[in-house]
Structure formats: C-alpha cells, structure tokens
Amino acid sequence: MKKLIGLVLTLVCVLSLVGCSNEEATVWGWAQGLNQEDIVRATPWCEDNTFEALNGAQTLDLVMLLNKLSKDSFTENKDLVGGTPTLGIQIDIASETYYINESISQDGALEIKYNEKMWWIDNTELFDFV
C-alpha cells in the first residue's frame with residue numbers, strides 16, 4: 001500500500017511540474033539552467049562547413065557562457081527580422097535541438113528559436129565563442 005501511495009504522489013508531482021514548466025519556460029531560464037551533462041552534442045558550423053563536435057572542455061565553456069546570460073541578454077524578435085546566417089552552433093539536448101546563429105539584422109548579436117519565438121542574444125563573449 002505504501003508503494004502505491006508513493007507511486008501516486010510521485011506521478012502527481014511529476015505531472016504538476018511538467019504542466020508548470022511549459023507555462024513558465026523562458027529562454028533565459030533555459031540558458032541559466034543548462035548543464036554540461038544535458039548536452040548530447042554541440043556542433044559548430046560556418047557557411048556550408050560543419051565542424052567536429054565540441055569536446056568536453058569546449059562544451060563546458062559554452063555552458064558557462066550560457067549560464068551567465070540574464071533576461072536582459074535576450075530581446076524577442078517579434079517581427080522576425082533577419083536573413084540567412086553564415087555561422088552558428090547546433091546544440092542537441094535529449095530530444096530537442098537548438099540553433100544559436102549569428103543575427104543578420106542585429107550587428108554583433110546571435111539569435112535562437114525557443115518556445116516558437118525568435119530571440120536575439122546580446123553577449124559579446126558568447127558571440128566570440130560561436
């Protein structure tokens with residue numbers, strides 16, 4: 001009986017967290033909460049060339065840069081202004097893939113699609129890394 005009650009309580013907690021996380025998920029929350037272990041692979045690319053995936057130390061550097069980003073680092077690209085980027089990094093996390101690309105419309109900025117919205121990322125260190 002105790003196992004059944006424990007299982008039911010665990011299921012209720014998990015379902016509650018899943019429901020809340022979808023509503024409250026923010027791109028800066030994702031960036032700040034990312035761990036090196038979350039990343040299956042991070043692969044930089046430039047124009048038509050895909051490079052080797054980042055090694056452990058490089059992935060840690062990427063995670064540390066993303067963890068430093070705050071809400072002020074992101075601006076929603078509501079008008080979807082942009083063009084075809086020439087460089088970026090593909091980040092594979094479990095069943096999700098995120099692309100951080102250079103922004104054609106915001107000089108020195110990057111962009112990412114998160115929760116069906118496009119966001120500019122203003123951070124020189126991350127731009128230089130990518």
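Here the structure is a predicted model, which is why all the values come from computation and not from measurement. FYI, the numbering just counts along the sequence from 1.
Side-chain contact between S103 and F127 is absent, with no heavy-atom pair separated by less than 4.5 Å. The closest side-chain heavy-atom distance from W30 to I112 is below 4.5 Å. No side-chain heavy atom of I39 sits less than 4.5 Å from a side-chain heavy atom of Y98. Using a 4.5 Å heavy-atom threshold, the side chains of T86 and E102 count as touching. Using a 4.5 Å cut-off on side-chain heavy atoms (C-beta onward), S73 and W28 make no contact. Within the 4.5 Å cutoff, the side chain of D122 has no heavy atoms near those of the T75 side chain. For the pair F129 and L54, the minimum side-chain heavy-atom distance is below 4.5 Å.
The backbone N or O of T59 sits nowhere less than 3.5 Å from a side-chain atom of Q36 that would complete a donor-acceptor pair. Using modelled atom types, one side-chain atom of N67 and one backbone atom of A31 make a donor-acceptor pair closer than 3.5 Å. At least one donor-acceptor pair closer than 3.5 Å links the side chain of N55 to the backbone N or O of A57. Checking side-chain atoms of E111 against main-chain N and O of M118 turns up no donor-acceptor pair under 3.5 Å. At least one donor-acceptor pair closer than 3.5 Å links the side chain of N123 to the backbone N or O of E125.
The CG atom of D61 sits 11.0 Å away from atom CG of L66, with the distance rounded to the nearest 0.5 Å. Atom OG1 of residue T50 and atom CD1 of residue I89 lie 11.5 Å apart, to the nearest 0.5 angstrom. To the nearest 0.5 angstrom, Y114 atom OH is 8.5 Å from E96 atom CD. The distance from the CG atom of L87 to the CD1 atom of I100 is 12.0 Å, given to the nearest 0.5 Å. Interatomic distance, NZ of K113 versus CG of L80, reported as 9.0 Å (0.5 Å rounding).
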Go through L62 and L126 one step at a time and tell me if the side chain to side chain contact (heavy atoms under 4.5 Å, CB included) criterion holds. CA-CA 8 Å; L62 173 63; L126 182 60; 3.9 Å; yes

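Q90 and T97 share no side-chain donor-acceptor pair at under 3.5 Å.
Below 30°, between 30° and 60°, or above 60°: for F74 and W119 the angle between ring planes is above 60°, a perpendicular geometry.
In N49, the CG atom is crowded: over 12 heavy atoms of neighbouring residues, nucleotides or ligands sit closer than 6.0 Å.
Under the 4.5 Å side-chain heavy-atom criterion for ILVMFWY residues, a single connected hydrophobic cluster contains both L69 and I93.
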